[in-house]
Chemist: 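The structure's right below; bear with me while I get my questions together.
No hydrogens, no waters, no symmetry mates; every other heavy atom, side chains included, goes into these values.
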Amino acid sequence: MKKLAILAAAALTLTAGTAMAAPIHQMANHETNLGVGTKESYIEHKVTGKATLGYEYADRDQYGSDQQDAYLQYDIVGSEAKLIGGYRWNLPGNKDNAFGGVALSTPKILGFDVYTSYIAGKDFNEVQAGLNKNILFNVDLNVNYHNFKPKHGSRENGVGVGLAIKF
């Protein structure tokens, strides 16, 4: 537990950026991924060889509410091509939306993988492109760019950095 607290504190110190959708990770069967950034945190678990369940909390101060996602990622080509489906609460304008999307990533080479994802619901769409780098055993560094476009409210885009631990 102490190691997890130290990791969380280090992640909060090292991360910068705006709220975003959870990064895309390649995970082994029954592996859990816990990630944290300046304004977001998420947990994912690969429940079968192809399906990953996840939950994300995103602090979006400019809207006066915190958005939450529950989602499923389904691997369609290895771990490199995924279908995404989920539900997002507390969108601008007091909206809640089901969403769907896709994600593509490269195979891991020397601990690096690059990804891009697109999700959309009735009242928003979001694009993300990023890079994951394994920096220490089961700890990954994530650097990304995202663009969140709500139907109501202002667009949000920026660069973010975060850490994730797999166990």
Side-chain angles (χ1 to χ4, degrees), residues 7-27 32-48 50-77 79-105 113-132 140-166:
L7 175 64
L12 289 173
T13 301
L14 294 173
T15 59
T18 54
M20 62 184 174
I24 302 301
H25 292 278
Q26 296 178 22
M27 297 169 49
T32 299
N33 187 26
L34 180 64
V36 65
T38 302
K39 293 190 170 199
E40 72 283 333
S41 57
Y42 59 93
I43 186 166
E44 301 174 319
H45 181 73
K46 190 143 191 180
V47 293
T48 70
K50 293 190 172 278
T52 302
L53 288 174
Y55 170 80
E56 180 191 24
Y57 170 85
D59 180 9
R60 296 191 191 258
D61 295 330
Q62 66 272 32
Y63 300 117
S65 64
D66 301 325
Q67 293 175 12
Q68 300 173 51
D69 290 358
Y71 56 89
L72 172 73
Q73 296 175 358
Y74 187 80
D75 298 345
I76 53 174
V77 178
S79 288
E80 288 85 29
K82 301 173 185 282
L83 293 176
I84 304 169
Y87 196 80
R88 183 171 286 183
W89 292 271
N90 298 325
L91 285 162
N94 280 335
K95 304 284 183 180
D96 298 338
N97 280 179
F99 63 84
V102 295
L104 300 172
S105 63
D113 65 284
V114 177
Y115 67 89
T116 186
S117 66
Y118 173 80
I119 60 173
K122 180 180 174 189
D123 292 305
F124 78 100
N125 67 61
E126 188 165 2
V127 176
Q128 185 176 162
L131 167 84
N132 294 312
D140 286 350
L141 172 70
N142 173 265
V143 179
N144 64 71
Y145 170 80
H146 86 283
N147 186 338
F148 170 67
K149 295 190 294 188
K151 192 173 188 179
H152 307 285
S154 50
R155 176 183 284 187
E156 179 179 296
N157 56 46
V159 175
V161 178
L163 289 176
I165 184 168
K166 295 178 184 174

Chemist: Just by distance, do the side chain of Asn90 and the backbone of Asp66 share a donor-acceptor pair under 3.5 Å?
Modeler: yes
Chemist: For a side chain to side chain contact (heavy atoms under 4.5 Å, CB included) check, start with the C-alpha distance between Met27 and Gln73, then their side-chain angles and the critical distance, and finish with the verdict.
Modeler: CA-CA 11 Å; Met27 297 169 49; Gln73 296 175 358; over 6 Å; no
Chemist: What is the minimum heavy-atom distance between Ser105 and Ser79, and which atoms define it?
Modeler: OG-O, 3.6 Å
Chemist: Per the side-chain hydrogen bond (donor to acceptor under 3.5 Å, both in side chains) rule, which among Asp75, Thr52, Thr32 passes with Lys46?
Modeler: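 Result: among Asp75, Thr52, Thr32, Asp75 is the only option passing the side-chain hydrogen bond (donor to acceptor under 3.5 Å, both in side chains) with Lys46.
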Chemist: Can you find a side-chain donor-acceptor pair between Asp123 and Asn97 that sits under 3.5 Å?
Modeler: yes
Chemist: Side chain to side chain contact (heavy atoms under 4.5 Å, CB included) between His25 and Tyr115: does it pass, once the steps are laid out?
Modeler: CA-CA 8 Å; His25 292 278; Tyr115 67 89; over 6 Å; no
Chemist: Quick one: does Pro23's side chain get under 4.5 Å of Glu44's, heavy atoms only?
Modeler: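 Not touching, per the 4.5 Å side-chain cut-off.
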Chemist: Where is the tightest heavy-atom contact between Ile84 and Phe99, given as atom of each residue plus distance?
Modeler: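 Answer, listing the atom of Ile84 first, then Phe99: CG2-CE1, 4.0 Å.
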Chemist: Heavy atoms only: give me the nearest Asp96-Trp89 pair and the separation to one decimal.
Modeler: OD1-CA, 3.4 Å
Chemist: As an exercise, state the distance from CG of Leu131 to CG of Asn142, rounded to the nearest 0.5 Å.
Modeler: 7.5 Å
Chemist: Could you walk me through whether Val102 and Leu83 pass the side chain to side chain contact (heavy atoms under 4.5 Å, CB included) check?
Modeler: CA-CA 5 Å; Val102 295; Leu83 293 176; 3.9 Å; yes
Chemist: To the closest 0.5 Å, what do you measure between CD (Gln26) and NZ (Lys166)?
Modeler: 7.5 Å
Chemist: Quick one: list whatever passes side chain to side chain contact (heavy atoms under 4.5 Å, CB included) with Asn147, sequence neighbours left out.
Modeler: Tyr145, Lys149, Arg155, Asn157
Chemist: Keeping Thr116 on the side-chain end and Gly130 on the backbone end, is there a donor-acceptor pair under 3.5 Å?
Modeler: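 A pair under 3.5 Å: no.
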Chemist: Classify the ring geometry between Phe124 and Phe148 as parallel (under 30°), tilted (30 to 60°) or perpendicular (over 60°).
Modeler: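 Geometry flag for Phe148 against Phe124: tilted rings.
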Chemist: Report the C-alpha distance between Ile165 and Asn33 in whole Å, list the side-chain angles of each, state the deciding distance to 0.1 Å, and finish with yes or no for side chain to side chain contact (heavy atoms under 4.5 Å, CB included).
Modeler: CA-CA 6 Å; Ile165 184 168; Asn33 187 26; 5.8 Å; no
Chemist: Kindly compute the distance separating OG (Ser117) from CD (Glu126), expressed to the nearest 0.5 Å.
Modeler: 7.5 Å
Chemist: What distance do Lys82 atom NZ and Tyr74 atom OH have between them, rounded to the nearest 0.5 Å?
Modeler: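 Atom-to-atom, Lys82:NZ and Tyr74:OH are 11.5 Å apart.
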Chemist: What distance separates Tyr57 OH from Gln67 CD, expressed to the nearest 0.5 Å?
Modeler: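 One gets 10.5 Å once the value is rounded to the nearest 0.5 Å.
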Chemist: Can you tell me how far the CG atom of Leu53 sits from the CD1 atom of Ile43, to the nearest 0.5 Å?
Modeler: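 One gets 11.0 Å once the value is rounded to the nearest 0.5 Å.
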Chemist: Keeping the roles fixed (side chain from Asn132, backbone from Ile24), state whether a donor-acceptor pair exists under 3.5 Å.
Modeler: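 Confirmed, Asn132 side chain pairs with Ile24 backbone.
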